[in-house]
Amino acid sequence: MKKIFLITLAAIAVLGFMLTGCGSGVEYDKTLVEETTTTIIDHFNNDDMQAVYDMMDEGMHGYTEVEDLEAAWLAPHAELGNFVRINGISIHTEDGYVLVVVSVKYDISSVEFQIAYSDTMEITGLYFK
């Protein structure tokens with residue numbers, strides 16, 4: 001199975017992930033970012049899209065609903081197999097956002113999540129493939 005899974009929400013196009021420019025020097029607590037990211041991955045693994053939605057900022061709420069997350073994740077998740085491990089978490093900052101790339105290994109395939117956080121650790125962008 002070599003399908004690529006994407007969550008294509010309108011908000012993603014305007015997020016700090018895709019903006020160009022120099023790093024902003026945003027300060028963040030690495031442990032908090034890693035713990036929050038792990039929590040989000042746990043929510044995905046448990047198909048708890050409401051919990052993921054609740055971690056999003058108001059801007060994301062304006063572009064997506066819980067049902068959008070379910071439509072983008074639930075069917076592909078069923079084809080990934082069981083969660084094995086998080087392979088790695090990469091963190092950097094850009095344009096006032098904390099940007100995280102996390103590689104997640106499942107029995108059948110792997111998924112790369114990209115998550116953007118505000119300075120209050122709310123999700124401002126979410127992408128996975």
Side-chain angles (χ1 to χ4, degrees):
M1 182 199 84
K2 282 294 189 182
K3 288 185 179 180
I4 296 177
F5 307 112
L6 301 172
I7 183 169
T8 53
L9 305 172
I12 293 171
V14 296
L15 299 173
F17 266 116
M18 302 301 151
L19 297 175
T20 58
C22 298
S24 64
V26 172
E27 292 192 26
Y28 62 91
D29 180 332
K30 181 179 179 186
T31 301
L32 178 61
V33 171
E34 289 174 345
E35 289 173 353
T36 303
T37 301
T38 299
T39 297
I40 291 168
I41 299 305
D42 288 343
H43 291 325
F44 273 100
N45 289 334
N46 294 317
D47 295 333
D48 190 352
M49 298 301 96
Q50 182 65 54
V52 174
Y53 182 82
D54 291 345
M55 296 178 77
M56 293 178 166
D57 73 351
E58 290 301 315
M60 288 289 291
H61 289 174
Y63 290 98
T64 189
E65 300 293 331
V66 173
E67 295 79 14
D68 298 325
L69 292 170
E70 290 170 344
W73 176 252
L74 296 181
H77 183 216
E79 298 179 17
L80 292 171
N82 295 317
F83 171 78
V84 175
R85 70 181 168 276
I86 291 177
N87 286 330
I89 297 175
S90 170
I91 305 168
H92 69 279
T93 62
E94 189 172 313
D95 296 322
Y97 297 96
V98 177
L99 307 175
V100 178
V101 177
V102 57
S103 174
V104 181
K105 173 73 176 137
Y106 294 89
D107 287 335
I108 298 170
S109 189
S110 293
V111 176
E112 179 182 278
F113 290 84
Q114 297 178 7
I115 306 167
Y117 297 106
S118 68
D119 59 352
T120 59
M121 291 305 297
E122 291 179 303
I123 298 170
T124 60
L126 177 63
Y127 171 85
F128 58 87
K129 63 178 180 175

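Excluded from the calculations below are hydrogen atoms, water molecules and symmetry mates; all remaining heavy atoms, backbone and side chain alike, are included. For the single chain, residues carry numbers from 1 onward in sequence order.
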Can you tell me which residue among Asp29, Thr124, Ile91 is in a side chain to side chain contact (heavy atoms under 4.5 Å, CB included) with Val98?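 When side chain to side chain contact (heavy atoms under 4.5 Å, CB included) is applied between Val98 and each of Asp29, Thr124, Ile91, only Ile91 qualifies.
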Tell me which one of Thr38, Thr37, Thr36 satisfies side chain to side chain contact (heavy atoms under 4.5 Å, CB included) with Ile40.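 That would be Thr36.
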Below 30° counts as parallel, above 60° as perpendicular, anything between as tilted: where do the rings of Phe128 and Phe44 land?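 Perpendicular: the ring planes of Phe128 and Phe44 meet at over 60°.
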How far does [atom1] of [X] sit from [atom2] of [Y], to the nearest 0.5 angstrom?
| X | Y | atom1 | atom2 | answer |
| --- | --- | --- | --- | --- |
| Tyr53 | Asp68 | OH | CG | 9.0 Å |
| Asp119 | Tyr28 | CG | OH | 14.5 Å |
| Glu122 | Met60 | CD | CE | 11.0 Å |
| Met56 | Tyr117 | CE | OH | 11.0 Å |

Taking side-chain contact (heavy atoms from CB on, under 4.5 Å) as the test, write out the residues that go with Val84, two or more places apart.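 Only Lys105, Asp107 meet the side-chain contact (heavy atoms from CB on, under 4.5 Å) criterion with Val84.
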If you compare all heavy atoms of His61 against all heavy atoms of Glu65, which two are closest, and at what distance to 0.1 Å?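 Looks like O-OE2, 4.0 Å.
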Side-chain polar contacts of residues 45-52 - donor-acceptor pairs under 3.5 angstrom, sequence neighbours left out - could you list them?
| unit_1 | atom_1 | unit_2 | atom_2 | d |
| --- | --- | --- | --- | --- |
| Asn45 | OD1 | Tyr106 | OH | 2.5 |
| Asn45 | ND2 | Ile41 | O | 3.3 |
| Asn46 | ND2 | Asp42 | O | 3.0 |
| Asp47 | OD1 | Trp73 | NE1 | 3.2 |
| Asp47 | OD1 | His77 | ND1 | 2.6 |
| Asp48 | OD1 | Ala51 | N | 3.1 |
| Gln50 | NE2 | Asp54 | OD1 | 2.7 |

Would you indicate whether the side-chain heavy atoms of Glu112 and Val101 approach each other to under 4.5 Å?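 Yes, their side chains come closer than 4.5 Å.
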Is there side-chain contact between Leu69 and Leu126, with at least one heavy-atom pair below 4.5 Å?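 Yes - at least one pair of side-chain heavy atoms lies under 4.5 Å apart.
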Would you check, one step at a time, whether the test side-chain contact (heavy atoms from CB on, under 4.5 Å) holds for Ile108 with Glu79? CA-CA 8 Å; Ile108 298 170; Glu79 298 179 17; over 6 Å; no
If we ignore hydrogens and angles and just use 3.5 Å, is the side chain of Ser103 paired with the main-chain N or O of Gly88 as donor and acceptor?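 Checked: no pair found.
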